Amino acid sequence: MFHQETADAEHFEQLIVQSVRQILAKPDQQAFLHWAREHIPDILGLADAYLDQLEIQRLASVLATLIWNATPQPFNAFRPLPMDPPLPNAPCACGSGLRHGECCANLDDMPELPSELIWEALLDELTEPALREALALSAVPGPLLAKIADRWFDEDHPGRVVALLEPLFSGSLQELDARYEPAFDLLCDAYDRLEHWRKKDAFLKRLCAEGSSAMQSAAWQRRSTMHIDEGDYAQAEHAFTAALRSNPDNPSTALLEITLLAAQHKDWLAQERARFWLHRLRRLGFDDESFMDFLARVVSNPQEAMIDSHADALDPVLVDLHDWIAVISARPLPRYALVALKPTPGRVARASAMQLDLFEATPTSMYEQTALKPRNAEDAAPTKTPRGGRALPFELRPPASVRRSRTLWRALYPVDKPHSTHLTLSEDADVWSETAWVDHLLGHPELADSIDVLDDLATALYEHPESALPWISHALLGPLIERAWLILQQVLEPDTVRCLPWSRRSNRPLLRLLFRRYLCQLQEGRPAAAIHTLETLLRLNPQDNHGARAELMNHYLRDGEDERAVALAQRFPDDLLADLAYGEVLALYRLGRQERARSALNTAVRRLPHIPRYLTRKRIKQPHLSPLGVTPGGDDEAWLYREAMRDVWAAEPGVLAWLKRCAP
């Protein structure tokens with residue numbers, strides 16, 4: 001039944017298109033009726049409709065009359081020019097040879113065709129001068145201006161889109177129903193392309209406050225989507241709730257809810273809500289089978305359903321990578337080996353005569369890596385050895401087959417590794433402009449055995465704009481990182497005293513992937529798993545080039561693990577990171593060790609004097625943040641620590657007053 005209805009709709013749409021073309025080519029009533037009697041039966045397939053020839057002629061004549069009467073005529077200022085009703089004794093227009101009063105006049109009255117239905121086809125057929133004339137006469141129905149705007153937007157004319165659509169929303173917004181949603185979306189997209197952020201924000205606020213229920217819902221949905229893209233899920237949830245309140249039965253609101261839940265990796269809840277929406281929309285008589293099929297796929301696998309729903313809009317290369325990842329997921333893991341490293345001649349072993357100097361850099365904290373570009377970790381001043389740091393240095397070495405396949409890969413992959421501990425490439429590096437490396441990858445699943453290649457792929461995905469979508473990150477980046485993790489687990493003994501120092505370049509791909517794993521787990525709302533990854537990374541690379549200790553300290557404090565926080569701080573005495581120095585102070589205070597807390601505070605203030613002021617004030621002006629990095633002991637570092645941890649300090653009764661009183 002559904003397929004038959006779809007076919008009938010497609011035939012009728014084709015009838016409108018061909019009729020409009022005929023009328024524009026020869027705007028003559030009688031000529032059009034003659035054309036219609038000859039062609040409409042074939043277009044609609046009436047020969048298979050069990051109608052006799054007279055009935056077919058009558059239906060074709062009636063449809064032709066309805067189409068002509070609804071078609072705007074360019075020569076008539078784009079107004080329809082209806083046919084005069086035939087006199088009862090005149091020959092019937094259907095060509096039956098009977099008088100009109102004895103033939104088609106006896107048919108039931110047919111409803112008029114909506115003018116917008118004809119305009120849909122007409123806008124695709126008008127020449128540019130004719131289109132400009134129609135716009136000048138304000139003849140185009142308001143909701144269909146979006147069709148013209150869409151064409152201009154694709155041609156990269158966002159200014160023309162704004163000029164065309166803004167007048168639609170200049171009057172009363174209560175009169176605009178759901179037909180105006182495409183125009184609303186295109187106007188927002190045009191504002192984005194023109195970087196008119198304030199204008200767009202004011203537009204959305206006005207629609208949320210003054211629009212009809214349909215337009216309010218559309219505006220709140222847009223704001224929710226913007227917050228999802230920014231990773232602000234609390235605000236996204238607030239906007240979604242407002243959209244749902246404005247239009248509770250809107251299927252696009254259902255899609256937004258699934259998107260919001262999938263973005264937060266609340267897959268079980270996405271599945272439950274998909275079941276709810278399937279039941280609700282069926283009860284409401286919603287008949288979009290493709291959307292209902294999407295909801296059914298969400299019930300099975302939310303992340304895969306989100307990818308499939310965006311497949312047509314995604315970069316085909318990402319779709320190919322997704323298929324490749326499905327292939328390699330069944331591939332056995334390769335066997336790597338841990339090979340002991342000999343001390344480098346001329347270097348001083350700090351922890352043991354058999355241990356390399358692992359401390360060639362000052363690590364950066366997580367907020368330096370994400371909010372600002374970190375300083376070059378390898379050129380900074382060396383840190384001191386953590387206490388108890390007697391791990392023996394090793395190199396993670398792949399089997400010979402992996403080394404051979406990697407050689408050709410290095411010749412094809414167009415960019416080098418990220419600089420130092422950075423996760424992204426330099427600004428002039430473009431990994432996606434030439435994709436011969438992707439074609440090579442698709443034909444060689446064995447490349448998934450190389451941690452070095454997995455690192456390159458993770459870096460490339462970070463560079464692709466579409467990978468910012470949470471479900472894309474989950475489906476593409478996640479499996480690559482987890483494969484590297486599983487390879488490591490095969491050779492890593494529990495409580496091992498072996499380390500994989502960053503100073504050994506061959507270890508860097510794995511260590512970088514471990515830090516990416518931490519970020520992914522954090523994004524997915526899995527803090528316990530993220531902490532375990534950080535602890536593993538810090539154990540394998542006690543030099544801690546990625547600043548794992550700072551992130552670990554803050555996680556411990558948020559979880560109330562004060563003893564662990566103190567133990568971590570003691571592993572890195574005299575550390576210059578605010579997270580370690582002031583984290584130890586807070587942990588000692590919460591453990592009731594006031595004297596030790598005061599002593600730790602005095603030490604911290606000597607090195608980082610501005611932080612107490614930034615923590616104790618309820619409001620303080622943000623200092624200048626340089627894109628080049630953080631100033632050790634500066635106001636910018638104090639501000640970033642406040643942003644990261646003031647809520648934890650403020651939650652402890654009396655500590656901010658104590659800090660203000662005791663800080664020198």
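Please read all numbers here as calculations on a predicted model, not as lab measurements.
Salt-bridge annotation for Arg193 and Asp156: present, with a side-chain N of the basic residue lying under 4.0 Å from a carboxylate O of the acidic one. Ion pair Arg222/Asp189 flagged as a salt bridge, since at least one NZ, NE, NH1 or NH2 atom sits closer than 4.0 Å to an Asp/Glu carboxylate oxygen. Salt bridge absent: Glu446 and Arg331 never bring a charged side-chain N and a carboxylate O closer than 4.0 Å. Taking the charged nitrogens against the carboxylate oxygens, Lys147 and Glu116 have no contact shorter than 4.0 Å, which rules out a salt bridge.
Taken to the nearest 0.5 Å, the CZ atom of Phe184 stands 10.5 Å off from the CG atom of Leu186. A distance of 14.5 Å separates NE2 in His464 from OG1 in Thr459, rounded to the nearest 0.5 Å. Taken from CG in Leu461 to CG in Leu480, the straight-line distance is 6.0 Å, to the nearest 0.5 Å. Considering CZ of Arg282 and CG of Leu295, their distance stands at 8.5 Å, rounded to 0.5 Å. Taking CG of Asp455 as the start and CG of Leu513 as the end, the distance is 4.5 Å to the nearest 0.5 Å. Put simply, CG on Asp124 and CG on Leu131 are 10.5 Å apart, with the number rounded to the nearest 0.5 Å.
Of all the heavy atoms in Ile481 and Cys520, the pair that sits closest is CD1-SG, 3.8 Å. Between Ser420 and Arg512, the shortest heavy-atom distance links the atoms O-NH1, 3.6 Å. Across all their heavy atoms, Ala460 and Trp432 have their closest contact at O-NE1, 2.9 Å. Closest approach of Gly211 and Leu173 over heavy atoms only: CA-CB, 3.7 Å. The minimum heavy-atom distance between Ile118 and Leu113, with the atom names listed, is CD1-CD1, 4.4 Å. Contact detail for Leu510 and Ala484: the closest heavy-atom pair is CD1-O, 4.2 Å.
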Determine whether Arg549 and Asp579 satisfy the following criterion, salt bridge (charged side-chain N to carboxylate O under 4.0 Å, His left out), listing intermediate values before the conclusion. CA-CA 8 Å; Arg549 66 189 187 279; Asp579 310 79; over 6 Å; no
Go through Glu304 and His474 one step at a time and tell me if the side chain to side chain donor-acceptor pair (under 3.5 Å) criterion holds. CA-CA 10 Å; Glu304 288 295 324; His474 178 82; over 6 Å; no
Apply side-chain contact (heavy atoms from CB on, under 4.5 Å) to residues Leu540 and Leu488 and explain how you reach the verdict. CA-CA 11 Å; Leu540 291 178; Leu488 172 66; 3.8 Å; yes
Applying side chain to side chain donor-acceptor pair (under 3.5 Å) to Ser450 and Asp452, what does each step give before you reach the verdict? CA-CA 5 Å; Ser450 170; Asp452 187 47; 4.8 Å; no
Let's go through Asp232 and Met226 carefully: what are the C-alpha distance in whole Å and the side-chain angles of both, what is the deciding distance for side-chain contact (heavy atoms from CB on, under 4.5 Å) to 0.1 Å, and is it a yes or a no? CA-CA 9 Å; Asp232 189 345; Met226 291 162 56; over 6 Å; no
Do Asp647 and Arg558 pass the side-chain contact (heavy atoms from CB on, under 4.5 Å) test, and can you show the C-alpha distance, the side-chain angles, and the key distance before you say yes or no? CA-CA 9 Å; Asp647 62 318; Arg558 287 188 178 278; 2.9 Å; yes
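In the model, Gln221 has a side-chain atom that pairs as donor or acceptor with a side-chain atom of Ser217 under 3.5 Å. Using modelled atom types and a 3.5 Å distance limit, the side chains of Glu175 and Ser212 yield no donor-acceptor pair. The closest side-chain donor-acceptor pair between Asn247 and Gln216, if any, does not fall under 3.5 angstrom. For the residue pair His624/Asp636, the side-chain donor-acceptor check at 3.5 Å is not satisfied. When only modelled atom types and interatomic distance are considered, Glu166 and Tyr191 share a side-chain donor-acceptor pair under 3.5 Å. Defined by atom type and a distance below 3.5 Å, a donor-acceptor pair is present between the side-chain atoms of Asp428 and Ser426. Side-chain N/O atoms of Gln521 and His265 include no donor and acceptor closer than 3.5 Å. Neither side chain, Trp437 nor Asp456, offers a donor N or O lying under 3.5 Å from an acceptor on the other.
Between the side chain of Gln303 and the main chain of Ala475, no donor-acceptor pair closer than 3.5 Å is present. Formation of a donor-acceptor pair under 3.5 Å by the Arg483 side chain with backbone atoms of Ala448 is found in this model. Under the 3.5 Å distance criterion, the side-chain polar atoms of Ser300 are left unmatched by any main-chain donor or acceptor of Arg297. Under the 3.5 Å distance criterion, the side-chain polar atoms of Gln271 are left unmatched by any main-chain donor or acceptor of Pro302. A donor-acceptor pair is defined here as one N or O able to donate and one able to accept, closer than 3.5 Å; such a pair exists between the side chain of Gln264 and the backbone of Leu260. Within the 3.5 Å criterion, the main-chain N or O of Trp220 finds no donor-acceptor partner in the side chain of Ser224. A distance-only check finds a donor-acceptor pair linking the side chain of Trp324 to the backbone of Leu441 [under 3.5 Å]. Distance alone, capped at 3.5 Å, places no donor-acceptor pair between the His422 side chain and the Thr424 backbone.
Two residues are said to be in side-chain contact when any heavy atoms from C-beta on lie closer than 4.5 Å; Met215 and Tyr180 meet this criterion. Contact check for Glu257 versus Thr253: no side-chain heavy atoms found under the 4.5 Å cut-off. You'll find the side chain of Pro182 stays beyond 4.5 Å of the side chain of Asp150, heavy atoms only. Residues Leu625 and Gln622 have side chains in contact (heavy-atom distance under 4.5 Å, counting atoms from C-beta outward). By the 4.5 Å heavy-atom criterion applied to side chains, His238 and Arg223 are not counted as neighbours. With contacts defined as side-chain heavy-atom distances shorter than 4.5 Å, the pair Phe240/Tyr233 does not qualify. Contact of the Leu164 side chain with the Val161 side chain is not registered, since no non-hydrogen atoms from C-beta on lie closer than 4.5 Å. A 4.5 Å side-chain heavy-atom check between Leu423 and Leu519 finds at least one atom pair inside the cut-off.
Atom NE2 of His157 is surrounded by more than 12 heavy atoms from other residues, nucleotides or ligands within 6.0 Å. In the displayed structure, Asp416 atom CG is contacted under 6.0 Å by at most 12 heavy atoms of other residues, nucleotides or ligands. Counted within 6.0 Å of CD on Glu434, heavy atoms from surrounding residues, nucleotides or ligands total 12 or fewer; the atom is thus considered open. Heavy atoms from other residues, nucleotides or ligands lying under 6.0 Å from NZ of Lys417 number more than 12. Counting non-hydrogen atoms of other residues, nucleotides and ligands closer than 6.0 Å to CH2 of Trp268 gives a total of 12 or fewer.
By the 6.0 Å and 45° rule, Arg516 stacks over the aromatic ring of Tyr462. Geometric assessment of Arg206 against the ring of Phe203 yields a negative cation-pi assignment under the 6.0 Å and 45° thresholds.
The distance between the ring centers of Tyr518 and His555 falls below 6.0 angstrom.
The aromatic rings of Phe291 and Phe294 sit tilted, their planes meeting at an angle between 30° and 60°.
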